[in-house]
Amino acid sequence: MAKVLTSKKENYSQWYNDLVVKADLAESSAVRGCMVIKPYGYAIWEMMQAELDRMFKETGHVNAYFPLFIPKSFFSKEADHVDGFAKECAVVTHYRLKNDENGNGVVVDPDAKLEEELIVRPTSETIIWNTYKNWIQSYRDLPILCNQWANVVRWEMRTRMFLRTAEFLWQEGHTAHATKAEALEETEKMINVYSNFAQNFMALPVIMGAKSDQERFAGALETFTIEALMQDGKALQSGTSHFLGQNFAKAFDVKFTNKEGKDELVWASSWGVSTRLMGALIMAHSDDNGLVLPPRLAPHQVVIVPIYKGQEQLDAIREKVEIITNELRSLGVRVKFDDRDNQRPGWKFAEYELKGVPIRLAIGARDLENGTIEVARRDTLSKETKSLDGISTYIADLLEEIQASIFQKAMDFRADMTTIVDTYDEFKDVLKNKGGFILAHWDGTTETELKIKDETKATIRCIPFDSTDEDGVCIYSGKPSKRRVLFALAY
RNA sequence: CGGGAUGUAGCUCAGCCAGGUUAGAGUACACGUCUGGGGGGCGUGGGGUCGGAAGUUCGAAUCUUCUCAUCCCGACCA
């Protein structure tokens with residue numbers, strides 16, 4: 001087969017870019033740092049959205065929508081928050097264009113300057129908490145459990161499709177609670193929702209944990225994260241859930257009257273995942289032939305390609321295929337019959353491989369005679385000829401098996417690529433020669449963390465929830481440490 | 001914001017150094033035909049303000065200057 005992708009081995013990021021374009025997921029646009037998400041890529045995102053939305057609603061959340069623009073003054077109300085985002089904000093300064101007097105097309109009308117500039121939201125905490133102020137008076141108004149599906153803009157210096165674009169799609173949950181315990185519980189609940197989603201639907205193993213002071217969200221008291229490992233040995237932060245304490249309540253003066261009639265500040269959480277998950281999906285599972293999709297997220301789980309000469313054969317095949325597709329659909333399988341006559345079978349095989357369709361069925365005259373069908377798995381690239389008897393349940397079961405197998409493969413890879421080290425030399429050696437996750441002792445100071453980052457570019461991805469207490473010494477400072485933390489080079 | 005590079009057909013690029021017929025190739029596209037179990041063969045055809053502006057010259061894709069844009073490496077990236 002002709003190679004259309006740069007191989008992973010040759011150049012990992014070129015492979016990634018090639019794959020995004022050739023699998024028809026997205027393409028770069030005329031706007032700096034912004035991509036066009038193409039129908040196939042968007043269909044996968046919609047699968048993610050649908051499942052996440054279901055999970056959010058199941059845990060008691062509702063959707064709402066807040067403005068794209070945020071008055072500039074809102075940002076200065078929370079000091080850490082503005083520090084975190086100031087350098088990457090797009091700002092609206094005018095509201096009108098006019099024709100240039102010198103005939104140079106359209107120019108900004110200088111008379112149409114806004115009195116207060118508007119920020120294109122990089123995240124919505126400020127506008128939402130300004131709104132919540134009006135929604136909350138009494139403990140009876142709490143909790144508020146809102147989510148919004150939206151686009152946000154962060155003016156990044158360097159962008160990569162899906163992983164870091166200037167504009168991206170995401171959901172952001174913003175909740176308000178009467179007590180600290182409740183807000184913390186919510187923060188934990190949502191990182192668990194993300195973890196379940198990543199592992200069960202994306203077949204993406206993730207490590208849940210807390211961010212260090214250094215890596216925490218701007219304005220949060222605690223940030224929980226799910227960290228995934230990509231095939232090049234780098235970590236990808238795939239979702240975060242923040243405990244915001246009373247910071248935004250203070251900044252926007254959001255108080256409620258408790259049962260005792262006393263005013264209290266409201267407690268908050270916020271949490272989000274973005275189209276970056278598409279990048280995670282691609283980099284976790286795919287190979288040199290293209291995308292590998294876990295069946296639960298595949299827009300088409302099964303594609304059927306007819307192989308025929310002439311209309312008569314196609315009609316005969318179509319008759320048989322109709323029975324199979326009806327059976328599959330009744331089993332809840334998303335199946336596509338590609339009977340286009342303007343592409344040849346070999347072309348279609350390569351195309352669906354690039355697009356990561358989990359199972360391909362090919363049926364031709366030969367099969368009609370023998371009562372068989374060819375079943376090809378995308379994840380293993382294996383092919384077998386099966387009898388048509390009971391084919392539908394076989395396929396439905398196989399989809400489950402593929403889902404599990406993709407996850408297991410990623411788990412095995414992560415296990416191989418997770419190293420426990422006890423010295424700084426070992427740490428540097430693993431970073432340089434192997435990559436992946438590194439579990440090491442750390443003295444808990446930002447100073448040490450920054451020095452390690454400075455010297456090696458590795459960062460603390462998280463302090464894992466499931467790590468057990470263990471006495472040791474910090475690999476850098478030699479000071480005592482109670483537990484290992486997760487280091488890696490990161491996207 | 002520093003360092004480097006590149007803008008020629010929808011896409012990937014050659015041609016530029018040493019200026020000179022009608023600016024090429026692959027791929028994609030359209031039509032015809034033989035085909036059809038892994039991106040098919042053959043034939044025909046359409047498609048270009050050579051990023052933009054100014055200059056040098058009898059003559060500029062090619063040389064000069066300016067300008068715009070993009071990419072890569074850094075810095076930056078809760």
Side-chain angles (χ1 to χ4, degrees), chain A residues 1-6 11 13-14 17-18 21-22 27-34 75 78-89 104 122-123 125 152 154-161 163-166 168 170 172 211-225 236-237 239-242 244 247 270-272 274 276 289-290 305-311 313-314 317 339-355 360-370 372-376 381 383 385 453-454 457 459-462 489-491:
Chain A
M1 190 189 115
K3 290 284 175 212
V4 294
L5 302 180
T6 306
N11 184 339
S13 35
Q14 192 59 49
N17 287 333
D18 284 359
V21 173
K22 294 287 168 51
E27 62 189 28
S28 56
S29 74
V31 184
R32 195 203 87 106
C34 297
F75 269 86
E78 216 291 333
D80 290 337
H81 194 65
V82 69
D83 279 353
F85 288 105
K87 280 178 284 183
E88 50 188 37
C89 285
N104 293 326
T123 180
E125 274 77 5
V152 288
R154 298 181 188 178
W155 213 262
E156 303 286 357
M157 300 297 275
R158 279 183 78 180
T159 58
R160 295 192 65 193
M161 283 192 281
L163 295 176
R164 180 174 290 111
T165 45
F168 57 93
W170 77 346
E172 47 182 327
K211 285 290 188 187
S212 65
D213 295 357
Q214 176 62 24
E215 298 278 326
R216 191 174 294 144
F217 177 76
L221 297 185
E222 193 78 83
T223 288
F224 300 145
T225 178
L236 185 73
Q237 176 178 305
T240 46
S241 182
H242 314 291
L244 302 173
N247 287 351
S270 71
W271 29 273
S274 71
R276 183 179 242 203
N289 295 309
V305 177
I307 295 154
Y308 61 96
K309 254 182 265 191
Q311 189 63 38
Q313 281 191 5
L314 178 58
I317 291 168
D339 61 349
R340 286 177 299 171
D341 192 31
N342 50 20
Q343 295 297 358
R344 302 160 45 78
W347 192 93
K348 292 177 185 174
F349 291 175
E351 177 74 3
Y352 291 113
E353 230 158 67
L354 262 175
K355 291 191 163 184
R360 182 188 72 234
L361 301 175
I363 182 164
R366 196 199 295 162
D367 295 295
L368 288 185
E369 255 175 57
N370 302 334
T372 58
I373 194 162
E374 184 189 80
V375 181
L381 294 170
K383 287 193 284 197
T385 301
K453 182 181 177 184
D454 202 43
K457 296 195 173 173
T459 50
I460 296 176
R461 303 318 304 151
C462 69
L489 296 175
Y491 275 95

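Naming: A, B, ... by sequence-line order, numbering from 1 per chain. Note that the structure is a prediction, hence the values are computed from the model and not measured. The figures here come from the full heavy-atom set of this structure, side chains too, leaving out hydrogens, waters and symmetry mates.
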Between [N] atom [atom2] and [X] atom [atom1], what is the distance in whole Å?
X	N	atom1	atom2	answer
A:K348	B:G37	NZ	C1'	13 Å
A:D454	B:G74	CG	C1'	14 Å
A:Q343	B:G37	CD	P	14 Å
A:D341	B:U35	CG	C1'	11 Å
A:Q237	B:C77	CD	C1'	11 Å
A:I307	B:U35	CD1	P	18 Å
A:W347	B:G37	CH2	P	15 Å
A:M157	B:C72	CE	C1'	14 Å

Base, sugar-phosphate alone, or nothing: which one does [X] contact when heavy atoms must sit under 4.0 Å apart?
X	value
A:R160	nothing
A:E351	base
A:G84	nothing
A:A220	nothing
A:K22	nothing
A:R32	sugar-phosphate

Quick check for you: among [options], whose closest atom lies nearest to any side-chain atom of [X]?
X	options	result
A:A350	B:G37, B:C77, B:G38	B:G38
A:L354	B:G36, B:G38, B:G39	B:G39
A:D367	B:G37, B:G36, B:G39	B:G37
A:F349	B:C77, B:A75, B:G38	B:G38
A:K87	B:G39, B:C77, B:G38	B:C77
A:E156	B:G37, B:G38, B:C77	B:C77

Please state the [atom1] separation for the pair [N] and [M] - nearest whole angstrom.
N	M	atom1	value
B:A54	B:C42	C1'	50 Å
B:U6	B:C13	C1'	12 Å
B:U44	B:G4	C1'	45 Å
B:G36	B:G41	C1'	12 Å
B:G19	B:G15	C1'	13 Å
B:A9	B:C72	C1'	26 Å
B:U62	B:U21	P	14 Å
B:U8	B:A25	C1'	12 Å

Review point. Going by heavy atoms in the side chains, are A:E125 and A:F217 under 4.5 Å from each other?
Key: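 A side-chain contact under 4.5 Å exists here.
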Check your understanding: Got a donor-acceptor contact below 3.5 angstrom from the A:D367 side chain to the A:G364 backbone?
Key ->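 Yes, A:D367 side chain to A:G364 backbone: donor-acceptor pair under 3.5 Å.
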Check your understanding: For A:A218, does its backbone N or O pair with a side-chain atom of A:H81 as donor and acceptor, under 3.5 Å?
Key ->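 Looks like yes, one N/O pair under 3.5 Å.
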Check your understanding: Once you round to the nearest 0.5 Å, how far does CZ of A:R461 lie from CG of A:L489?
Key ->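 Output value for this atom pair is 9.5 Å.
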Exercise for review: Classify the side chain of A:E353 and the base of B:G38 as holding, or not holding, a donor-acceptor pair under 3.5 Å.
Suggested key: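 For A:E353, whose side chain was compared with the base of B:G38, there is a donor-acceptor pair (under 3.5 Å).
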Practice item. Report yes if a donor N or O on one partner sits less than 3.5 Å from an acceptor N or O on the other, where the partners are the side chain of A:K309 and the base of B:G37; otherwise report no. Key: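 Side chain to base: no pair present.
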Review point. Relative to the 5' end of RNA chain B, which residue comes earlier, A:K453 or A:G33, by the nucleotide with the nearest heavy atom?
Key: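 Between the two, 5'-proximity favours A:G33.
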Exercise for review: Kindly express the pairing pattern of RNA chain B in dot-bracket notation, using | wherever a base pairs with another strand and counting only Watson-Crick or G-U pairs under 3.5 Å.
Suggested key: (((((((..((((......[...)))).((((((.....)))))).....(((((..]....))))))))))))....
Practice item. Establish, from distance only, whether the side-chain atoms of A:Q214 and A:K453 form a donor-acceptor pair under 3.5 Å. Key: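 No, A:K453 and A:Q214 have no side-chain donor paired with an acceptor closer than 3.5 Å.
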**Study point:** Any A:R344 side-chain nitrogen or oxygen under 4.0 Å from OP1 or OP2 of B:G37
**Key:**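 For A:R344, the contact criterion (side-chain N or O under 4.0 Å from OP1 or OP2 of B:G37) is met.
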